[in-house]
Amino acid sequence: MTRRKFLINGLRAGVVLLGTKGVYNTSRYNIEIGRITLVVADLPSSFDGFKIALLSDIHSSAIVSEGLISRSADMCMAEAPDVIALTGDFITGTNEVGGSGKVEMEKDARQYIQRCVNALSTLRAPAGIYGVLGNHDFWSGQEAVDSICRLFTDRIGVVWLRNKSVRIKRPAQPANSREQTDQSIYILGVDDHWESSCSLTNACKGIDIQAVKVLLSHNPDINIDIESSRKKIDVVLSGHTHGGQIVFPFIGAPFLPSTSGQKYISGVVRDGARQTYITTGVGNNMVPMRYNCPPEVALITLRSS
């Protein structure tokens, strides 16, 4: 079953299951705060309690309003995060052309990018705002990708981690010493896993193999690359799946855009010492509804124990 057919059938079934127009209209607007604590081995003491807000799958479009996106930004700021991570699909792409495709950006795409930037313009974080792109951003064409990167940098100060990393430092005061030293972790990012430009190898260049690393990847299937390369990644933050968006009792989500099946549907997934958090995201794709899968602003707190 194609994704389009599934979502159309899911809409029909969901209307029957939900029963009332009131529930149908409100379920996709009830954004929740997901508060998650991840214990990370060898986390520097100065990062104990470090808070990362995660916003993903905004899908600014005809079915995701600027007001909804703005509310997610307000909820994010109310949590006073140290870092904000944006993990892609800022708009809904209609041209599945890949990163190398050449299409003229549609007028609607320009409008929805601008709405998204306007709605997220209040975001601020003392240790920075970092972003990666999703498959829908790439599907919208190179002009849309360039516009997203430029506007989000100019208006919000987003640092794009396109197969790159950034070192986050915090001062540490050793016991019985007057000398102040810095402790650090790394935040890495990759292009969408479905794009040929995605390079975990480049993202990890120049980083101490033992350093604590937090990887931003739109698609949680990046774990396949991590496993095959045997790279040490401590935390992966992703979206992409929407948590299924339409999740039926006992059956689960009939369709997930993942080669890993239901494994990376949402929440915390542990692969040995590596922990992946997959948010259900803010927006919707294809149909204006969610069932048994509310939208989310995630707040991940790192702990040393």
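Along the sequence shown, the residues carry numbers beginning at 1. All heavy atoms count here, side chains included; hydrogens, waters and symmetry mates do not.
Under 4.0 Å is where a charged nitrogen must lie from a carboxylate oxygen, and between R290 and E296 no such pair does.
Between the side chain of S304 and the main chain of L43, no donor-acceptor pair closer than 3.5 Å is present. In terms of modelled atom types and a separation under 3.5 Å, the side chain of Q245 and the main chain of M289 share a donor-acceptor contact. Put simply, the side chain of S56 gets close to the backbone of T87: a donor and an acceptor are under 3.5 Å apart. The backbone N or O of I265 sits less than 3.5 Å from a side-chain atom of T241, completing a donor-acceptor pair. Counting only distance, with no hydrogens or angles, the side chain of K231 and the backbone of D225 share no donor-acceptor pair below 3.5 Å. Checking side-chain atoms of N202 against main-chain N and O of N163 turns up no donor-acceptor pair under 3.5 Å. The main-chain N or O of G239 is never found under 3.5 Å from a side-chain atom of T279 such that the two would form a donor-acceptor pair. Under a 3.5 Å cut-off, the side chain of D137 and the backbone N or O of G134 do form a donor-acceptor pair. Not a single donor-acceptor pair under 3.5 Å links the side chain of S70 to the backbone N or O of E66. Judged purely by atom type and a 3.5 angstrom limit, R28 uses its side chain to pair as donor or acceptor with the backbone of I63.
Note: the hydrophobic cluster containing V297 also contains I69 (ILVMFWY, side chain heavy atoms under 4.5 Å, direct or indirect links). Residue V214 is grouped with residue I36 when hydrophobic side chains (ILVMFWY) are merged at heavy-atom distances under 4.5 angstrom, including chains of intermediate members. Under the 4.5 Å side-chain heavy-atom criterion for grouping Ile, Leu, Val, Met, Phe, Trp and Tyr, L299 is not connected to V235 through any hydrophobic cluster. Tracing side-chain contacts under 4.5 Å through hydrophobic residues (I, L, V, M, F, W, Y), one reaches V158 starting from V282; they form part of the same cluster. One hydrophobic cluster, built from ILVMFWY side chains closer than 4.5 Å, holds both I300 and F47.
In this structure, the side chains of S72 and L55 come closer than 4.5 Å at one or more pairs of heavy atoms. Side-chain atoms of Y112 and T92, non-hydrogen and from C-beta on, never get closer than 4.5 Å to each other. N284 has its side chain out of reach of P288: every pair of non-hydrogen atoms, C-beta onward, lies at least 4.5 Å apart. When side chains are defined from C-beta on, L123 does not count as touching F152, because their heavy atoms never get closer than 4.5 Å. Side-chain contact check for W194 versus P257: some heavy-atom pair is nearer than 4.5 Å. With a 4.5 Å cut-off on side-chain heavy atoms, I185 and K213 do not count as touching. With a 4.5 Å cut-off on side-chain heavy atoms, R270 and R274 do not count as touching. Counting heavy atoms from C-beta outward, R170 and D82 have side chains that approach closer than 4.5 Å.
In terms of heavy atoms, V64 sits closest to G283 at CG2-CA, 4.0 Å. Of all the heavy atoms in A144 and I91, the pair that sits closest is CB-CD1, 4.5 Å. Among all heavy-atom pairs drawn from N219 and S217, the shortest one is O-OG, 2.9 Å. Here the closest non-hydrogen pair linking I233 and C204 is CD1-SG, 4.2 Å. The two residues G244 and C293 make their nearest non-hydrogen contact at N-SG, 4.4 Å. Scanning all heavy atoms of the two residues, the minimum distance from I31 to M75 falls at O-CE, 3.4 Å.
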Trace of the side chain to side chain contact (heavy atoms under 4.5 Å, CB included) decision for L86 with I129: CA-CA 8 Å; L86 307 175; I129 305 174; 4.0 Å; yes

Evaluate side-chain hydrogen bond (donor to acceptor under 3.5 Å, both in side chains) for D234 paired with Y186, printing each intermediate quantity in order. CA-CA 10 Å; D234 300 276; Y186 288 84; over 6 Å; no

CA sep, side-chain torsions, deciding dist, call: K51, V83, side chain to side chain contact (heavy atoms under 4.5 Å, CB included): CA-CA 7 Å; K51 296 190 293 184; V83 155; over 6 Å; no

Does the pair H240 and D221 meet the rule for a side chain to side chain contact (heavy atoms under 4.5 Å, CB included), with working shown? CA-CA 10 Å; H240 184 59; D221 279 351; over 6 Å; no

For V159 and T153, what are the C-alpha separation, side-chain angles and deciding distance, and is it a side chain to side chain contact (heavy atoms under 4.5 Å, CB included)? CA-CA 7 Å; V159 175; T153 297; over 6 Å; no

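Rounding to the nearest 0.5 Å gives a distance of 10.5 Å between CD of Q183 and CG of D48. To the nearest 0.5 Å, atom NE2 of residue H218 and atom SG of residue C198 are 11.5 Å apart. Between the CG atom in D89 and the CG atom in L133 there is a gap of 9.5 Å [rounded to 0.5 Å]. With rounding to the nearest 0.5 angstrom, the CG atom of L215 is 10.5 Å from the CD1 atom of I187. For the atom pair CG (L38) and CG (L302), the distance works out to 6.5 Å, reported to the nearest 0.5 Å. Atoms CG and CD1, from L188 and I222 in turn, are 10.5 Å apart once rounded to the nearest 0.5 Å.
No hydrogens or angles considered: a donor-acceptor pair under 3.5 Å links the side chains of H242 and H59. Side-chain atoms of R167 and S184 form a donor-acceptor pair, as typed in the model, at a separation below 3.5 Å. No side-chain donor-acceptor contact under 3.5 Å links D271 and T276.
Classified by interplanar angle (parallel below 30°, tilted 30° to 60°, perpendicular above 60°), the ring pair W160/F90 is perpendicular. Taking the six-membered ring for Trp and thresholds of 30 and 60 degrees, F248 and Y291 have ring planes inclined between 30 and 60 degrees apart.
Annotation for D108: atom CG counts as buried by contact number, over 12 foreign heavy atoms lying within 6.0 Å.
Partner of R162 under the salt bridge (charged side-chain N to carboxylate O under 4.0 Å, His left out) criterion, out of D191, D192, D146: D191 alone.
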